[in-house]
Asker: 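Quick one: structure below, then a few questions.
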Amino acid sequence: MVTLTDNKELGYRTLLLATGGRPRTLNIPGNNLQGVYLLRTLTDANILREQITPGKRIVVVGSGFIGLEVAASALSKGAQVTIVEPQERIWPNIVSPELSAYFKQQFEKHGTQTYYGYGATEFIAGSDDKLASVRISPVQGSGQSQDIACDIAIAGIGIQLNTELAATADLEIDPRHGIVVDEHLETSVADIFAAGDVAAYPDPYAGRMHFEHWDNAIASGQIAAANMVGGDEPYRHVPYFFSDQFDLAINMLGYPSSSAQIVTRGDVNANKFTALYVQDGSLRAALMINDDAQMDLVRDLIAARAPVSNPQDLSSPSFDLSSLQPKDE
Ligand SMILES: Cc1cc2nc3c(=O)[nH]c(=O)nc-3n(C[C@H](O)[C@H](O)[C@H](O)COP(=O)(O)OP(=O)(O)OC[C@H]3O[C@@H](n4cnc5c(N)ncnc54)[C@H](O)[C@@H]3O)c2cc1C
């Protein structure tokens, strides 16, 4: 039985939990000030669209995908943007230092001030009680705190998965990845399924994982639906996400790790290239910048764990990626 907020009760034969996540908030002084924003809903986006106008000074806290997309949009609207990020570089877990530098350069080229290795520690109000500056401090070492004057601050520091409802039904929860499901996306309680951001599914290559992206929400929703009406379909899905920043159409496939050997193919200076990730002798992931012509092939190669004996070969434009396809037995 599912109880609604008005106490109405709904029976079910099969139930799907697709409760997603909510944005993490920065628990620092001043986070309720007017001028401090999060981005999750259409309403949030509409408010930001109205607020971000030419010349506005914006501090973006967090340089994950949401933070960088907001920063790129604000820059394209003529705002002045400062990015603050406690990690030492952009996406340190999934790209090489060279690729981090490439992305940072894209933002600096558009006039962004970046503070890597700094965290936001306080939102400070002006005499009108609205946000006037963000105090930032180095996360390591003895550097000085600084106050960045601004009109708007946007925190993009990830999401917290909405697992509370599942917990009330005593479903198994993985503290890091969400509601535990089996390969059919069924939870630890029979006939209750989970899909989307909140589903912690067993990936044959990566182990227990969840994936906070649109493509996974659609694909896992389809598999859960099939199994809820009696199907027998395991969830096998090469992770994929996209992000658009300035004129960069970014597509990421697979299981990127900065510890992989990363080989670049194409023309970095022309912003048209693919970084291929080789790990343990096989193709594991690809990051494509304005270069999606071979996306389906690369997805298939990652799914097949295509062996790569000599990673450097991949950088040659004449190397035919389809030759990596494992031959059928
Ligand atoms: C600003 C922004 C930009 C993004 N950009 C990209 C992008 O470029 N590419 C990409 O791949 N992905 C992107 N994403 C991620 C993508 O939107 C999510 O992965 C996707 O929405 C997840 O879908 P979902 O259905 O699992 O969860 P959600 O979309 O979070 O939906 C969950 C729903 O469940 C509701 N809910 C929660 N608890 C309860 C309850 N107890 N009872 C009833 N309802 C409940 C919530 O209110 C919500 O409506 C972006 C996300 C955001 C916020």
Side-chain angles (χ1 to χ4, degrees), residues 1-10 12 15-25 37-49 51-52 58 60-74 91 94 103 152 154-171 173-174 177-181 185 187 192-201 209-225 228 235 237-254 256 285-289 292 295 299:
M1 196 73 81
V2 178
T3 310
L4 306 186
T5 41
D6 61 2
N7 289 325
K8 195 186 278 175
E9 294 189 326
L10 299 177
Y12 65 84
L15 173 70
L16 177 73
L17 296 176
T19 46
R22 55 186 181 273
R24 278 208 194 97
T25 49
Y37 295 94
L38 300 168
L39 174 58
R40 182 71 189 171
T41 63
L42 182 59
T43 307
D44 297 334
N46 286 335
I47 292 171
L48 285 173
R49 182 182 290 129
Q51 293 290 325
I52 299 175
I58 320 279
V60 174
V61 182
S63 72
F65 287 93
I66 301 266
L68 291 189
E69 284 185 17
V70 170
S73 300
W91 310 332
I94 62 167
F103 286 113
I152 293 172
I154 300 147
I157 56 165
I159 63 169
Q160 190 174 337
L161 298 170
N162 293 324
T163 54
E164 293 81 357
L165 182 62
T168 64
D170 286 336
L171 304 187
I173 312 271
D174 178 305
H177 294 297
I179 304 172
V180 173
V181 290
L185 304 179
T187 69
I192 303 183
F193 292 73
D197 285 7
V198 80
Y201 63 91
M209 66 179 280
H210 78 286
F211 204 62
E212 296 166 6
H213 292 283
W214 160 95
D215 176 65
N216 168 60
I218 292 177
S220 63
Q222 288 168 340
I223 295 293
M228 288 170 76
Y235 187 53
H237 189 66
V238 174
Y240 163 74
F241 68 84
F242 64 89
S243 180
D244 293 325
Q245 298 167 23
F246 310 114
D247 54 354
L248 306 181
I250 304 167
N251 288 289
M252 177 69 99
L253 277 167
L287 171 70
M288 300 164 163
I289 308 292
D292 60 3
M295 191 136 82
R299 181 186 280 111

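In each ligand, atom 1 is the first atom listed, and ligand 1 is the first ligand listed.
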Asker: Check each heavy atom of R40 against ligand 1 and say whether those closer than 4.0 Å belong to the side chain, the backbone, both or neither.
Answerer: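 Contact part for R40 vs ligand 1: both backbone and side chain.
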Asker: Could you tell me which atoms of ligand 1, counted from 1 in the order shown, lie closer than 4.0 angstrom to a heavy atom of G196?
Answerer: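 By the 4.0 Å cutoff, the relevant atoms are 26 (O).
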Asker: Is the closest side-chain heavy-atom distance between V181 and Y235 below 4.5 Å?
Answerer: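 Not in contact.
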Asker: Please list the nearest protein heavy atom to atom 14 (N) of ligand 1 with its residue and the distance rounded to 0.1 Å.
Answerer: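 Ranked first by proximity to atom 14 (N) of ligand 1 is E212 O, 4.6 Å.
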Asker: What residue and heavy atom of the protein are closest to atom 16 (C) of ligand 1, and at what distance?
Answerer: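 Among all protein heavy atoms, the one nearest atom 16 (C) of ligand 1 is W214 N, 3.9 Å.
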Asker: When you measure from atom 41 (N) of ligand 1 to every protein heavy atom, which one gives the shortest distance, and what is it?
Answerer: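 Among all protein heavy atoms, the one nearest atom 41 (N) of ligand 1 is L165 CD2, 3.9 Å.
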Asker: Between F193 and T187, what is the shortest heavy-atom contact and its length?
Answerer: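 Here F193 and T187 meet closest at C-CG2, 3.9 Å.
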Asker: Given side chains that start at C-beta, do those of I192 and I179 come closer than 4.5 Å, heavy atoms only?
Answerer: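 No, too far: nothing below the 4.5 Å cut-off.
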Asker: Could you identify the single nearest non-hydrogen protein atom to atom 9 (N) of ligand 1 and state the distance to 0.1 Å?
Answerer: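 Among all protein heavy atoms, the one nearest atom 9 (N) of ligand 1 is F242 O, 3.2 Å.
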Asker: Please check atom 47 (O) of ligand 1 for a protein heavy-atom neighbour under 4.0 Å.
Answerer: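 Under 4.0 Å from atom 47 (O) of ligand 1, zero protein heavy atoms found.
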Asker: Is there a protein heavy atom at a distance of less than 4.0 Å from atom 6 (C) of ligand 1?
Answerer: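 When distances to the protein are checked, atom 6 (C) of ligand 1 has no heavy atom within 4.0 Å.
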Asker: Check each heavy atom of I66 against ligand 1 and say whether those closer than 4.0 Å belong to the side chain, the backbone, both or neither.
Answerer: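 Under 4.0 Å from ligand 1, I66 contributes side-chain atoms alone.
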Asker: Would you kindly specify which portion of N162 sits under 4.0 Å from ligand 1, judged on non-hydrogen atoms: side chain, backbone, both or neither?
Answerer: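 Side chain only.
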Asker: Within a strict 4.5 Å, meaning less than it, do heavy atoms of the Y37 and D44 side chains meet?
Answerer: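 Heavy-atom side-chain distance check fails, nothing below 4.5 Å.
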Asker: Can you tell me which portion of E164 lies within the under-4.0 Å heavy-atom range of ligand 1? Options are side chain, backbone, both, or neither.
Answerer: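 No part of E164 comes within reach of ligand 1.
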Asker: Need the ligand 1 atom indices (1-based, order shown) with element for anything under 4.0 Å from a heavy-atom of G20.
Answerer: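 Numbered from 1, ligand 1 contributes 27 (O), 30 (O), 32 (C).
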Asker: Ignoring hydrogens, just give me the one of L48, I218, T5, D197 whose non-hydrogen atom is nearest atom 22 (C) of ligand 1.
Answerer: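 The residue whose heavy atom sits nearest atom 22 (C) of ligand 1 is D197.
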Asker: Check each atom of ligand 1 against the heavy atoms of E69 and keep those under 4.0 Å away; list them by number with element.
Answerer: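 Numbered from 1, ligand 1 contributes 8 (O).
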Asker: Charged N to carboxylate O under 4.0 angstrom, R299 versus D215?
Answerer: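 Here R299 does not pair with D215 in a salt bridge, since their nearest N and O are not under 4.0 Å apart.
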Asker: Looking only at heavy atoms, which two atoms of Y12 and M1 are closest? And how far apart?
Answerer: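 Answer, listing the atom of Y12 first, then M1: CE2-N, 3.6 Å.
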Asker: Looking at every heavy atom in both A166 and L17, which two are closest together, and how far apart are they?
Answerer: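 Closest approach of A166 to L17, heavy atoms only: CB-CD1, 3.9 Å.
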Asker: Taking the side chain as everything from C-beta on, heavy atoms only, tell me whether S243 gets closer than 4.5 Å to E69.
Answerer: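 With C-beta onward as the side chain, the pair touches.
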Asker: Does R24 use its side chain to pair, donor to acceptor, with the backbone of I157 at less than 3.5 Å?
Answerer: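 Confirmed, R24 side chain pairs with I157 backbone.
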Asker: Heavy atom under 4.0 Å from ligand 1: found in F65's side chain, backbone, both, or neither?
Answerer: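 The answer is neither; F65 stays 4.0 Å or more away.
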Asker: Decide yes or no for Y240 and M252: does some side-chain heavy atom of the first lie under 4.5 Å from some side-chain heavy atom of the second?
Answerer: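 No. Closest side-chain heavy atoms not under 4.5 Å.
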Asker: Measure the distance from atom 23 (O) of ligand 1 to every protein heavy atom, then report the residue, atom name and distance (to 0.1 Å) of the closest one.
Answerer: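 Of every protein heavy atom, A217 CB, 3.5 Å lies nearest to atom 23 (O) of ligand 1.
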Asker: Considering heavy atoms of the protein only, find what lies nearest to atom 44 (N) of ligand 1 and give residue, atom and distance to 0.1 Å.
Answerer: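 The answer is T19 CG2, 4.9 Å.
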Asker: Could you go through E212 and L161, starting from their C-alpha distance and side-chain angles, then the distance that decides it, and tell me whether this counts as side-chain contact (heavy atoms from CB on, under 4.5 Å)?
Answerer: CA-CA 10 Å; E212 296 166 6; L161 298 170; 4.2 Å; yes
Asker: With a 4.0 Å cut-off on heavy atoms, does V198 reach ligand 1?
Answerer: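 For ligand 1, residue contact (heavy atoms, under 4.0 Å) with V198 is absent.
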Asker: How close does the nearest protein non-hydrogen atom get to atom 13 (C) of ligand 1, and which residue and atom is it?
Answerer: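 The closest heavy atom on the protein side is H213 ND1, 4.3 Å.
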Asker: Just say parallel, tilted or perpendicular for the rings of F211 and F241, cut-offs at 30° and 60°.
Answerer: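 Tilted, since the angle between the ring planes falls between 30° and 60°.
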Asker: Are any of the side-chain heavy atoms of T19 and E164 separated by less than 4.5 Å?
Answerer: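 In short, these two side chains do not touch, never coming nearer than 4.5 Å.
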Asker: Answer side chain, backbone, both or neither: which part of A18 comes under 4.0 Å from ligand 1, heavy atoms only.
Answerer: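 Just the backbone.
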Asker: Counting only non-hydrogen atoms of the protein, does one fall under 4.0 Å from atom 28 (P) of ligand 1?
Answerer: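 Under 4.0 Å from atom 28 (P) of ligand 1, at least one protein heavy atom found.
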